Amino acid sequence: MDQNSFLKLFTNIFSFNRFVRNKSSFYYNADGVTLVFSFQKSNYGPYFYLEYGLAFHEINRCLPFPKSNELDVNFGRIIPSFGKALYYESMGENECNELAALIQKKIDQIQPIVVEGKEHIVRQLFYPTPVKISYVLNGTPEFLGISKEHFKEHHISIVDY
């Protein structure tokens with residue numbers, strides 16, 4: 001399978017869930033929030049990584065199509081059982097089906113929370129114990145009304161863009 005075929009295969013899943021594709025990323029816009037799934041092509045071979053996260057319209061300066069490193073909240077990579085690198089040239093039907101199921105599961109978990117808006121996101125994803133979050137961009141804690149200490153207590157990095 002080549003790179004274009006690989007991306008087309010997963011475009012169907014995201015389109016079904018009302019995401020818009022831009023290059024190798026998929027965007028779902030809710031009220032003031034964009035949920036992003038982004039296939040990041042490796043510079044070292046025929047494989048991708050799949051990261052996902054949130055961009056808040058009031059503070060994100062890279063809208064309408066932020067890349068994974070430009071998200072206000074980065075949840076990290078989706079990692080199937082066959083490894084975090086997605087070797088599209090050698091992925092078979094079983095691997096594609098597993099990845100598709102993982103993507104759908106993440107969409108089903110996060111999309112309903114995003115639809116409810118910022119306050120619901122804070123309650124569901126950050127309190128009392130945050131879900132797995134790779135990092136947040138500097139300025140996100142203040143925007144969400146959460147102390148930086150809360151992030152530090154839960155070992156969530158706050159990074160500059």
Side-chain angles (χ1 to χ4, degrees), residues 1-30 32-57 59-116 120-121 124-126 129-140 151 154-161:
M1 175 179 332
D2 66 9
Q3 179 178 331
N4 286 334
S5 299
F6 176 82
L7 289 172
K8 278 185 182 179
L9 178 67
F10 294 101
T11 297
N12 293 332
I13 296 164
F14 288 108
S15 294
F16 177 78
N17 289 284
R18 296 173 287 148
F19 282 73
V20 173
R21 179 179 173 185
N22 183 14
K23 299 180 183 174
S24 60
S25 297
F26 300 87
Y27 301 87
Y28 176 81
N29 289 304
V33 185
T34 299
L35 173 58
V36 180
F37 285 81
S38 185
F39 286 98
Q40 299 299 306
K41 174 85 171 71
S42 171
N43 292 329
Y44 303 105
Y47 54 93
F48 283 97
Y49 297 102
L50 177 57
E51 294 191 14
Y52 68 111
L54 303 175
F56 296 103
H57 298 183
I59 62 172
N60 192 287
R61 56 188 171 155
C62 299
L63 292 170
F65 302 116
K67 299 174 185 166
S68 60
N69 66 325
E70 300 167 337
L71 299 173
D72 299 306
V73 177
N74 187 304
F75 294 114
R77 292 182 177 159
I78 293 178
I79 303 174
S81 67
F82 54 88
K84 63 184 174 183
L86 308 172
Y87 291 92
Y88 55 84
E89 287 183 346
S90 62
M91 281 180 67
E93 186 176 347
N94 289 341
E95 290 88 0
C96 289
N97 287 340
E98 179 185 339
L99 181 58
L102 279 172
I103 290 169
Q104 188 62 57
K105 181 179 177 182
K106 293 295 181 186
I107 291 171
D108 291 344
Q109 290 171 342
I110 304 294
Q111 195 174 37
I113 296 168
V114 169
V115 168
E116 294 294 324
H120 194 67
I121 290 168
Q124 294 295 312
L125 301 179
F126 293 96
T129 303
V131 298
K132 181 192 168 289
I133 296 171
S134 182
Y135 64 85
V136 298
L137 288 184
N138 199 4
T140 302
F151 288 91
H154 294 285
H155 309 287
I156 299 170
S157 299
I158 300 171
V159 300
D160 290 321
Y161 170 69

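What you see is a predicted model; the values in this text were computed from it and never measured.
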Stepwise, does the side-chain contact (heavy atoms from CB on, under 4.5 Å) test hold for Gln40 with Leu50?
CA-CA 6 Å; Gln40 299 299 306; Leu50 177 57; over 6 Å; no

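- Side chains of Ser25 and Ser38: a donor on one and an acceptor on the other come within 3.5 Å.
- In plain terms, the two heavy atoms of Asn60 and Leu71 that are nearest each other are ND2-CA, 4.2 Å.
- Scanning both residues, Lys41 and Pro46, for their nearest heavy atoms gives NZ-CA, 4.1 Å.
- Counting heavy atoms from C-beta on, the side chains of Leu125 and Leu54 come closer than 4.5 Å.
- For Phe39 and Tyr49, the ring centers are positioned 6.0 Å apart or more.
- Atom NZ of Lys106 sits in a sparse spot, with 12 or fewer heavy atoms from other residues, nucleotides or ligands closer than 6.0 Å.
- Looking at Ser42, its side chain does come within 3.5 Å of a backbone N or O of Tyr44 through a donor-acceptor pair.
- Between Phe19 and the choices Tyr52, Phe14, Phe10, the ring pair (Phe, Tyr, Trp, His ring centres under 6.0 Å) rule is met once, by Phe14.
- What you find for Gln124 and Val131 is that their closest heavy atoms are O-CG1, 4.2 Å.
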side-chain contact (heavy atoms from CB on, under 4.5 Å) evaluation trace for Glu98 with Glu95:
CA-CA 5 Å; Glu98 179 185 339; Glu95 290 88 0; 5.7 Å; no

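- For the atom pair OG (Ser81) and CG (Leu102), the distance works out to 8.0 Å, reported to the nearest 0.5 Å.
- Note that CD1 of Ile158 and OH of Tyr135 are 13.5 Å apart. Values are rounded to the nearest 0.5 Å.
- Rounding to the nearest 0.5 Å places CD1 of Ile156 at 10.0 Å from NZ of Lys132.
- Under the 6.0 Å cut-off for aromatic ring centres, Phe37 and Phe26 do not qualify, their centroids lying 6.0 Å or more apart.
- Residues Pro66 and Val36 come closest through the heavy atom pair O-CG1, 4.1 Å.
- Separation of atoms CD1 (Ile103) and SG (Cys96) is listed at 9.5 Å; rounding is to 0.5 Å.
- Listed by chain and residue number, Asp2 satisfy the side-chain hydrogen bond (donor to acceptor under 3.5 Å, both in side chains) test with Ser5 (two or more places apart in sequence, or in another chain).
- Taking the side chain as every heavy atom from C-beta outward, Leu86 and Pro80 approach each other to under 4.5 Å.
- Note: Tyr88 and Phe6 have tilted aromatic rings, judged against thresholds of 30 and 60 degrees for the angle between ring planes.
- Not counting sequence neighbours, Arg21 has no partner by the salt bridge (Lys or Arg N to Asp or Glu O under 4.0 Å) test.
- Summarising the geometry of Asn29 relative to His57, their closest heavy-atom pair is OD1-NE2, 3.6 Å, with the distance given to 0.1 Å.
- Of the possible polar contacts, none joining the Thr140 side chain to the Val136 backbone as a donor-acceptor pair under 3.5 Å is found.
- Across all their heavy atoms, Phe75 and Gly53 have their closest contact at CD1-CA, 3.5 Å.
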Derivation of the side-chain contact (heavy atoms from CB on, under 4.5 Å) call for Tyr28 and Val33:
CA-CA 8 Å; Tyr28 176 81; Val33 185; over 6 Å; no

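- Checking side-chain atoms of Glu116 against main-chain N and O of Ile113 turns up no donor-acceptor pair under 3.5 Å.
- Donor-acceptor pairing under 3.5 Å is lacking for the side chains of Tyr27 and Thr34.
- In this structure, CD in Glu51 is found 5.0 Å from CG in Asn74, a value given to the nearest 0.5 Å.
- Taking the six-membered ring for Trp and the full ring otherwise, Phe126 and Phe151 have centroids separated by under 6.0 Å.
- Between the Asp72 side chain and the Leu137 main chain, no donor and acceptor come within less than 3.5 Å of each other.
- Distance CG/Asn17 to CD/Gln104: 4.0 Å, rounded to 0.5 Å.
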